[in-house]
Amino acid sequence: MVVEHDPAAEQFRAEMEGSVAVLQYRREPGKLSLLDTQVPPALQGRGIAGRLAQAGLELARTEGLAVVPICPFVAEYIRRHPEYETLLDRR
(Lines give C-alpha, C1' and ligand atoms only; values in the text may rest on other atoms or scores of the structure.)
Protein backbone atom coordinates (compact mmCIF):
# COMPACT_ATOMS: atom_id res chain seq x y z
CA MET A 1 0.00 0.00 0.00
CA VAL A 2 1.29 3.43 -0.93
CA VAL A 3 0.25 6.58 0.91
CA GLU A 4 0.15 9.56 -1.43
CA HIS A 5 0.30 13.19 -0.35
CA ASP A 6 -1.95 15.63 -2.22
CA PRO A 7 -0.99 19.10 -0.92
CA ALA A 8 -3.51 20.88 -3.16
CA ALA A 9 -6.38 18.89 -1.60
CA GLU A 10 -4.73 18.97 1.86
CA GLN A 11 -4.95 15.22 2.26
CA PHE A 12 -3.10 11.95 2.38
CA ARG A 13 -4.65 9.10 0.38
CA ALA A 14 -4.24 5.36 0.23
CA GLU A 15 -5.98 3.41 -2.49
CA MET A 16 -6.54 -0.30 -2.18
CA GLU A 17 -8.88 -2.73 -3.91
CA GLY A 18 -10.70 0.13 -5.64
CA SER A 19 -11.42 1.99 -2.39
CA VAL A 20 -9.74 5.11 -1.06
CA ALA A 21 -8.86 5.98 2.54
CA VAL A 22 -8.13 9.61 3.36
CA LEU A 23 -6.64 11.78 6.11
CA GLN A 24 -7.73 15.41 5.71
CA TYR A 25 -5.63 18.19 7.18
CA ARG A 26 -5.48 21.97 7.34
CA ARG A 27 -2.17 23.78 7.17
CA GLU A 28 -1.81 27.04 9.06
CA PRO A 29 1.26 29.13 9.89
CA GLY A 30 3.46 26.95 12.08
CA LYS A 31 0.98 24.14 12.54
CA LEU A 32 -0.82 21.24 10.92
CA SER A 33 -4.34 20.38 12.04
CA LEU A 34 -5.14 16.72 11.35
CA LEU A 35 -8.90 16.85 10.85
CA ASP A 36 -10.46 13.56 9.86
CA THR A 37 -9.49 10.02 8.90
CA GLN A 38 -11.88 8.08 6.69
CA VAL A 39 -11.35 4.42 5.88
CA PRO A 40 -14.05 2.54 3.93
CA PRO A 41 -15.49 -0.45 5.84
CA ALA A 42 -13.99 -2.92 3.35
CA LEU A 43 -10.49 -1.65 4.23
CA GLN A 44 -10.81 -1.33 8.00
CA GLY A 45 -8.64 -3.40 10.30
CA ARG A 46 -5.62 -3.41 7.98
CA GLY A 47 -3.60 -0.59 9.58
CA ILE A 48 -4.40 1.89 6.83
CA ALA A 49 -5.57 4.64 9.19
CA GLY A 50 -2.33 4.26 11.13
CA ARG A 51 -0.27 4.63 7.98
CA LEU A 52 -2.19 7.78 7.08
CA ALA A 53 -1.70 9.21 10.58
CA GLN A 54 2.01 8.39 10.45
CA ALA A 55 2.32 10.16 7.08
CA GLY A 56 0.69 13.31 8.45
CA LEU A 57 2.83 13.29 11.57
CA GLU A 58 6.01 12.75 9.60
CA LEU A 59 5.12 15.69 7.34
CA ALA A 60 4.74 17.86 10.45
CA ARG A 61 8.06 16.61 11.82
CA THR A 62 9.92 17.18 8.55
CA GLU A 63 8.55 20.69 8.12
CA GLY A 64 8.84 21.70 11.79
CA LEU A 65 5.09 22.13 12.29
CA ALA A 66 3.16 21.72 15.53
CA VAL A 67 0.32 19.18 15.33
CA VAL A 68 -3.28 19.78 16.34
CA PRO A 69 -4.96 16.32 16.39
CA ILE A 70 -8.62 17.16 15.85
CA CYS A 71 -9.30 13.66 14.51
CA PRO A 72 -9.92 11.27 17.43
CA PHE A 73 -8.08 8.47 15.66
CA VAL A 74 -4.95 10.60 15.23
CA ALA A 75 -5.12 11.71 18.88
CA GLU A 76 -5.26 8.05 19.95
CA TYR A 77 -2.46 7.15 17.53
CA ILE A 78 -0.24 9.76 19.19
CA ARG A 79 -1.10 8.35 22.63
CA ARG A 80 -0.04 4.88 21.42
CA HIS A 81 3.12 6.25 19.73
CA PRO A 82 4.69 8.63 22.25
CA GLU A 83 7.54 9.45 19.86
CA TYR A 84 5.08 11.89 18.25
CA GLU A 85 4.02 13.66 21.47
CA THR A 86 6.74 16.28 21.03
CA LEU A 87 4.93 17.46 17.89
CA LEU A 88 1.75 18.43 19.74
CA ASP A 89 0.79 22.09 19.72
CA ARG A 90 1.01 23.09 23.38
CA ARG A 91 -0.28 26.64 22.85
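- Hydrophobic clustering of Ile, Leu, Val, Met, Phe, Trp and Tyr side chains at less than 4.5 Å, counting indirect connections, unites Val74 with Leu88.
- Side chain of Arg26 to backbone of Lys31: no donor-acceptor contact under 3.5 angstrom is found.
- Using cut-offs of 30° and 60° on the angle between ring planes, the pair Phe12 and His5 is parallel.
- The two residues Arg46 and Met16 have their closest heavy-atom pair at NH1-CE, 3.5 Å.
- By the criterion of side-chain heavy atoms lying less than 4.5 angstrom apart, applied directly or through intervening Ile, Leu, Val, Met, Phe, Trp or Tyr residues, Leu43 is not grouped with Val22; the two fall into different hydrophobic clusters.
- In this structure the side chain of Leu34 reaches within 4.5 angstrom of the side chain of Val67, judged on heavy atoms.
- Closest approach of Glu83 to Arg61, counting heavy atoms only: O-NH2, 2.8 Å.
- Nearest heavy-atom pair across Tyr25 and Pro7 is OH-CA, 3.5 Å.
- Distance CG/Leu87 to CG/Leu65: 9.0 Å, rounded to 0.5 Å.
- The side-chain heavy atoms of Cys71 and Leu35, taken from C-beta on, include no pair separated by under 4.5 Å.
- Here OG1 of Thr37 is found 4.5 Å from CG of Leu23. Values are rounded to the nearest 0.5 Å.
- Rounded to the nearest 0.5 Å, atoms CG (Leu52) and CD (Glu4) are 11.0 Å apart.
- In this structure, the side chains of Val68 and Leu32 stay at 4.5 Å or more apart for every pair of heavy atoms.
- Shown are Arg13, Gln38, Gln11; of these, the side-chain contact (heavy atoms from CB on, under 4.5 Å) with Val20 is made only by Arg13.
- Considering every non-hydrogen atom in both Gln24 and Ala9, the closest pair reads NE2-O, 3.6 Å.
- In this structure, Tyr77 and His81 have parallel ring planes: the angle between them is below the 30° cut-off, well short of the 60° mark.
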